[in-house]
Amino acid sequence: MNDRTLNMLGMARRANKVSLGHDAALDSLKKGEAQLILTSSDASARLCEEFSSACQNSTKYLQLKYTMNETGACMGAKTTAVLSVNDKGFADRIQELLLEDD
């Protein structure tokens, strides 16, 4: 597991640059604030399809290798299946770390 990715998500959360949960992530996406949408590995197929379709050209969408519990724990939050990163710097670094892990 790439702990640097989870640490970066935690830092983004502490900087208030993350929207957690379906409604908050969808709202930030519609407002144009979302730079990156992430879903957990155990998110439902319907949820993943919904956000994948919503992101089409405007925002990058990735599915994490981490479960809802792992993602929530790194951010000091309850479990969540989807989140948006609302800062370009954090989004770029998180994408970079996820691609390194592959």
Side-chain angles (χ1 to χ4, degrees):
M1 182 177 344
N2 186 348
D3 291 343
R4 294 183 306 164
T5 303
L6 293 175
N7 288 337
M8 189 61 61
L9 282 170
M11 286 194 313
R13 168 77 169 159
R14 288 188 297 279
N16 203 27
K17 300 297 182 185
V18 174
S19 297
L20 295 172
H22 179 275
D23 293 340
L26 196 57
D27 188 46
S28 70
L29 187 60
K30 288 180 180 177
K31 288 180 180 178
E33 297 171 351
Q35 301 294 313
L36 176 65
I37 296 289
L38 300 169
T39 55
S40 64
S41 62
D42 52 350
S44 72
R46 181 196 58 78
L47 182 74
C48 294
E49 178 59 34
E50 177 184 355
F51 277 92
S52 177
S53 295
C55 289
Q56 294 233 295
N57 296 321
S58 60
T59 306
K60 183 75 175 173
Y61 165 81
L62 294 171
Q63 187 163 19
L64 295 169
K65 294 181 179 180
Y66 310 111
T67 65
M68 288 186 242
N69 290 332
E70 292 170 325
T71 306
C74 81
M75 292 186 282
K78 59 184 179 184
T79 60
T80 185
V82 63
L83 61 96
S84 69
V85 179
N86 304 326
D87 178 82
K88 184 162 175 41
F90 279 119
D92 290 345
R93 183 63 180 145
I94 290 166
Q95 269 185 264
E96 190 177 293
L97 291 170
L98 288 170
L99 294 175
E100 280 178 15
D101 199 30
D102 285 342

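Annotation for M75 and L83: closest pair CE-CD2, 3.5 Å, computed over non-hydrogen atoms. Scanning both residues, A25 and F51, for their nearest heavy atoms gives CB-CE2, 4.0 Å. Among all heavy-atom pairs drawn from L97 and M8, the shortest one is CD1-CB, 4.1 Å. Closest of all the heavy-atom pairs between C74 and L6 is SG-O, 3.5 Å. For S19 against N86, the heavy-atom pair with the smallest separation is OG-ND2, 2.8 Å. Across every non-hydrogen atom of C48 and T39, the tightest pair is SG-OG1, 3.7 Å.
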Begin with the C-alpha distance, continue with both residues' side-chain angles, and end with the deciding distance and a verdict on side-chain contact (heavy atoms from CB on, under 4.5 Å) for R13 and L20. CA-CA 9 Å; R13 168 77 169 159; L20 295 172; 3.2 Å; yes

Take E70 and K65 through the test side-chain contact (heavy atoms from CB on, under 4.5 Å) and record every step on the way to the result. CA-CA 10 Å; E70 292 170 325; K65 294 181 179 180; over 6 Å; no

Stepwise side-chain contact (heavy atoms from CB on, under 4.5 Å) test for L38 and L9: CA-CA 10 Å; L38 300 169; L9 282 170; 3.8 Å; yes

Please test L29 against C55 for side-chain contact (heavy atoms from CB on, under 4.5 Å), starting from the C-alpha separation and ending with a verdict. CA-CA 8 Å; L29 187 60; C55 289; 4.1 Å; yes

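By the rule that hydrophobic residues join a cluster once side-chain heavy atoms approach within less than 4.5 Å of another member, L47 and M68 end up as members of separate clusters. The cluster map of Ile, Leu, Val, Met, Phe, Trp and Tyr, joined by side-chain heavy atoms under 4.5 Å apart, puts I94 and Y61 in different clusters. M11 and L64 end up in the same hydrophobic cluster when Ile, Leu, Val, Met, Phe, Trp and Tyr side chains are linked at under 4.5 Å. A single hydrophobic cluster is not seen to contain both V18 and V82; linkage of ILVMFWY side chains at heavy-atom distances under 4.5 Å, directly or through other members, places them apart.
D42 meets the salt bridge (Lys or Arg N to Asp or Glu O under 4.0 Å) test with no other residue; sequence neighbours excluded.
The residues E49 and R46 are annotated as not salt-bridged, no charged nitrogen and carboxylate oxygen being separated by less than 4.0 angstrom.
Taking CD of Q95 as the reference point, atom NZ of K88 lies at 8.0 Å (rounded to 0.5 Å). Of the inter-residue distances, the one linking Q63 atom CD with L98 atom CG reads 11.5 Å to the nearest 0.5 angstrom. Rounded to the nearest 0.5 Å, atoms CD (E50) and CD1 (I37) are 10.5 Å apart.
In this structure, the side chains of T67 and S41 come closer than 4.5 Å at one or more pairs of heavy atoms.
A donor-acceptor contact closer than 3.5 angstrom links the side chains of S84 and S28.
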